[in-house]
*Asks:* 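Attaching a single structure in structure tokens format; questions to follow.
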Amino acid sequence: MTLADEAIAWYAVNARDLPWRQPDTTPWGVLVSEVMLQQTPVVRVEPAWRSWMTRWPTPAALAEDPPSEAIRMWGRLGYPRRAMRLHACAVAIVERHGGAVPSALDQLLALPGVGTYTGRAVATFAYGQRHPVVDTNVRRVVCRAVEGKPDAGPATTAADLTAMEELLPDDEARAAQASIAFMELGAIVCTARSPKCVDCPFHDVCAWRLRGEPLPEGPSRKPQRYAGTDRQVRGLLLEVLRHATGPVPRQRLDMVWQDEVQRARALAGLVEDGLVERLGGEDFVLAGDAPQ
DNA sequence: AAGGCGTGGGT
DNA sequence: TACCCAAGCCT
């Protein structure tokens with residue numbers, strides 16, 4: 001049994017029952033789930049995905065509504081630029097591909113918000129193609145099981161794709177199963193902290209375990225702070241705008257943060273990023289929410 | 001090519 | 001309590 005075989009057998013028994021894994025899920029549904037799952041935990045994505053797919057079952061449906069509606073529906077999933085990019089993605093799918101999510105990897109990668117991971121995930125999980133699909137879970141699993149190191153490096157590199165490629169079965173369908181199985185393994189067994197090695201199908205062959213599960217050496221990555229950053233201010237500003245039914249005067253936005261310089265910088269950033277529009281005077285709305 | 005970009009739950 | 005972490009992308 002290869003690692004892929006072990007993982008596939010384990011997945012068949014242990015996979016979580018997630019809505020986007022239902023066999024009737026469309027490629028659009030897969031794409032939406034992948035974008036939502038970029039840096040947001042499954043438990044928070046699940047209800048959001050259901051609501052989104054009910055309201056916008058197709059790219060064309062989303063493309064007909066303004067970006068502001070997508071930003072509102074995004075709610076508190078975080079990184080709301082993803083909502084805007086998903087909307088832009090829907091528009092591009094309608095314009096370039098007649099409303100059908102493309103199956104070719106290069107066309108997927110050309111869509112807004114679709115990067116190395118997401119493009120391969122859609123090509124693989126929605127269309128059953130054979131591609132290495134490497135996310136943070138896969139990197140960690142491969143790194144431990146194959147290389148015997150406690151944790152993977154920071155970025156997805158060509159080397160990561162090559163490493164996973166070599167583990168994939170030749171058969172398309174089984175290759176796709178292997179990728180989702182490795183991801184699931186990393187998500188619920190081979191976790192970043194306190195991995196559950198007793199439950200792992202790689203228990204007897206994992207290079208990291210056989211080495212005695214050494215701790216990571218050297219200084220850990222510098223923690224990214226949130227409190228007091230522009231990101232927090234942007235979040236507060238956006239929270240106000242999401243709930244507004246009409247244009248919001250600057251006075252109202254000024255209430256969310258004391259530091260005037262930082263507040264202005266955060267608001268300008270939101271406008272710069274296309275999430276927010278400034279109307280004629282000192283009024284602001286979510287992008288696409290301008291009256292008339 | 002580091003660093004910016006939200007949010008909330010776990011330890 | 002303060003981190004740490006969660007199916008990344010973009011510049």
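Chain naming here is simple, since letters A, B, ... match the order of the sequence lines and numbering starts at 1 in each.
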*Asks:* With no hydrogens and no angle check, is any side-chain donor or acceptor of Arg82(A) less than 3.5 Å from a backbone partner on Met36(A)?
*Replies:*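 Here the side-chain-to-backbone pair exists.
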*Asks:* Hey, does the side chain of Gln129(A) reach the backbone of Ser103(A) with a donor-acceptor pair shorter than 3.5 angstrom?
*Replies:*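 Yes: the side chain of Gln129(A) pairs with the backbone of Ser103(A).
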*Asks:* Examine dG8(B): is either OP1 or OP2 under 4.0 Å from a nitrogen or oxygen in the side chain of Arg231(A)? Give yes or no.
*Replies:*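 It does not, given that no N or O in the side chain of Arg231(A) lies less than 4.0 Å from OP1 or OP2 of dG8(B).
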*Asks:* Taking atom types as modelled, is there a side-chain donor on Ser179(A) or Arg120(A) under 3.5 Å from an acceptor on the other?
*Replies:*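 No, no side-chain donor-acceptor contact under 3.5 Å.
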*Asks:* Which part of the nucleic acid does Gly115(A) contact within heavy-atom distance under 4.0 Å: base, sugar-phosphate only, or nothing?
*Replies:*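 Gly115(A): backbone/sugar contact only, no base atoms under 4.0 Å.
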*Asks:* Evaluate the salt bridge (Lys or Arg N to Asp or Glu O under 4.0 Å) criterion for residues Arg72(A) and Asp289(A): first the C-alpha distance (whole Å), next the side-chain angles of each, then the deciding distance (0.1 Å), finally the verdict.
*Replies:* CA-CA 11 Å; Arg72(A) 288 205 172 83; Asp289(A) 243 6; 2.8 Å; yes
*Asks:* Closest approach to the side chain of Asn137(A), judged atom by atom: which nucleotide of dA7(C), dC10(C), dG6(B) is it?
*Replies:*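 So the nucleotide nearest the side chain must be dA7(C).
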*Asks:* For DNA chain B, which residues of residues 258-270 of chain A approach it to below 4.0 angstrom with any heavy atom?
*Replies:*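 Result for residues 258-270 of chain A: none.
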*Asks:* Looking for any heavy atom pair under 4.0 Å, which part of the strands does Val114(A) touch: base, sugar-phosphate only, or nothing?
*Replies:*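 Since only primed, P, OP1 and OP2 atoms lie under 4.0 Å of Val114(A), the category is sugar-phosphate.
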*Asks:* Can you see which heavy atom on Pro132(A) is nearest to which on Leu168(A), and at what distance?
*Replies:*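 For Pro132(A) versus Leu168(A), the nearest heavy atoms are N-CD1, 3.6 Å.
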*Asks:* Aromatic rings Phe202(A) and Phe182(A): how do their planes relate, parallel, tilted or perpendicular, breaks at 30° and 60°?
*Replies:*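 The arrangement is tilted - the two ring planes meet at 30° to 60°.
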*Asks:* Please confirm whether the shortest side-chain N or O distance from Arg193(A) to OP1 or OP2 of dG10(B) is below 4.0 Å.
*Replies:*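 So the side-chain polar atoms of Arg193(A) never come under 4.0 Å of the phosphate oxygens OP1 or OP2 of dG10(B).
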*Asks:* What's the gap between dG6(B) and dC5(C) when it is taken at their C1' atoms, as a whole Å value?
*Replies:*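 The answer is 14 Å between these two C1' atoms.
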*Asks:* Measuring from Leu31(A):CG to Leu108(A):CG, what's the distance to the nearest 0.5 Å?
*Replies:*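 Atom-to-atom, Leu31(A):CG and Leu108(A):CG are 7.5 Å apart.
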*Asks:* How would you label the contact of Leu18(A) with the nucleic acid (heavy atoms, under 4.0 Å): base, sugar-phosphate, or nothing?
*Replies:*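 Result for Leu18(A) = base.
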*Asks:* Rounding to an integer number of angstrom, what distance separates dG3(B) and dC4(C) when you compare their P atoms?
*Replies:*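 Between the two P atoms, the distance is 16 Å.
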*Asks:* Students often get this wrong, so: under 4.0 angstrom with heavy atoms, is Leu238(A) touching a base, only sugar-phosphate, or nothing?
*Replies:*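 Touches nothing.
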*Asks:* Can you find a side chain N or O atom of Arg76(A) that sits less than 4.0 Å from OP1 or OP2 on dG8(B)?
*Replies:*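 Result: yes.
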*Asks:* Check every strand shown and say whether Thr229(A) touches a base, only sugar-phosphate, or nothing at a heavy-atom separation below 4.0 Å.
*Replies:*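 It contacts nothing in the nucleic acid.
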*Asks:* Looking at dC5(C), dG8(C), dG6(B), which one has an atom nearest to any side-chain atom of Ala192(A)?
*Replies:*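 Ranking dC5(C), dG8(C), dG6(B) by closest atom to the Ala192(A) side chain puts dC5(C) first.
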*Asks:* CZ of Phe125(A) versus P of dA7(C): gap in Å, rounded?
*Replies:*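 Computing the Phe125(A):CZ to dA7(C):P distance gives 13 Å.
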*Asks:* Given atom CG of Leu275(A) and atom C1' of dG6(B), what is their separation to the nearest angstrom?
*Replies:*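 Distance, rounded to whole Å: 11 Å.
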*Asks:* What contact category does Arg16(A) fall into here, base, sugar-phosphate, or nothing, at under 4.0 angstrom with non-hydrogen atoms?
*Replies:*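 If one applies the 4.0 Å heavy-atom cut-off, Arg16(A) turns out to touch a base.
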*Asks:* Not counting sequence neighbours, which residues clear side-chain contact (heavy atoms from CB on, under 4.5 Å) with Ala121(A)? List them please.
*Replies:*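 Ala121(A): side-chain contact (heavy atoms from CB on, under 4.5 Å) contacts with Glu34(A), Tyr117(A), Phe125(A), Val133(A).
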*Asks:* On DNA chain C, check which nucleotide each of Ser33(A) and Gly113(A) is closest to and give me the residue with the more 5' one.
*Replies:*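 On the 5' side of the pair lies Ser33(A).
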*Asks:* Check whether any side-chain N or O of Gln39(A) sits under 4.0 Å from OP1 or OP2 of dG8(C), and answer yes or no.
*Replies:*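 Yes.
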*Asks:* Quick one: label Thr191(A) by what it contacts on the DNA or RNA (base, sugar-phosphate, nothing), any heavy atom closer than 4.0 Å.
*Replies:*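 Contact class for Thr191(A): none.
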*Asks:* Say we look at dG8(B) and dC9(C): how far apart would their P atoms be, to the nearest angstrom?
*Replies:*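 Roughly 23 Å separates the two P atoms.
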*Asks:* Would you mind reading off the distance between Arg44(A) atom CZ and dA6(C) atom P, rounded to a whole angstrom?
*Replies:*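 Result: 13 Å.
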*Asks:* If you only use heavy atoms from C-beta on, which nucleotide in dC5(C), dA7(C), dC9(C) is closest to the side chain of Glu34(A)?
*Replies:*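 Selected nucleotide (nearest to the side chain): dA7(C).
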*Asks:* Ignoring hydrogens and geometry, is there a side-chain-to-backbone donor-acceptor pair from Arg44(A) to Arg76(A) under 3.5 Å?
*Replies:*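 Yes: the side chain of Arg44(A) pairs with the backbone of Arg76(A).
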*Asks:* Trp20(A) has a side chain; which of dA6(C), dC5(B), dA7(C) sits nearest to it?
*Replies:*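 Side chain of Trp20(A) sits closest to dA7(C).
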*Asks:* Would you say a side-chain N or O of Thr40(A) is under 4.0 Å from OP1 or OP2 of dG8(B)?
*Replies:*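 Checking dG8(B) against Thr40(A), no side-chain N or O comes under 4.0 Å of OP1 or OP2.
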*Asks:* With a cut-off of less than 4.0 Å, is there a side-chain N or O of Tyr226(A) near OP1 or OP2 of dT7(B)?
*Replies:*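 Affirmative; the distance criterion is met.
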*Asks:* Start at the 5' end of DNA chain B and walk down; is the nucleotide closest to Pro41(A) or to Asp273(A) reached first?
*Replies:*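 On the 5' side of the pair lies Asp273(A).
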*Asks:* Report yes if at least one side-chain N or O of Arg120(A) is closer than 4.0 Å to OP1 or OP2 of dG8(C); otherwise report no.
*Replies:*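 Checking Arg120(A) against dG8(C): no side-chain N or O falls below 4.0 Å of OP1 or OP2.
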*Asks:* With respect to the phosphate group of dC3(C), does any side-chain polar atom (N or O) of Arg225(A) fall under 4.0 Å of OP1 or OP2?
*Replies:*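 Affirmative; the distance criterion is met.
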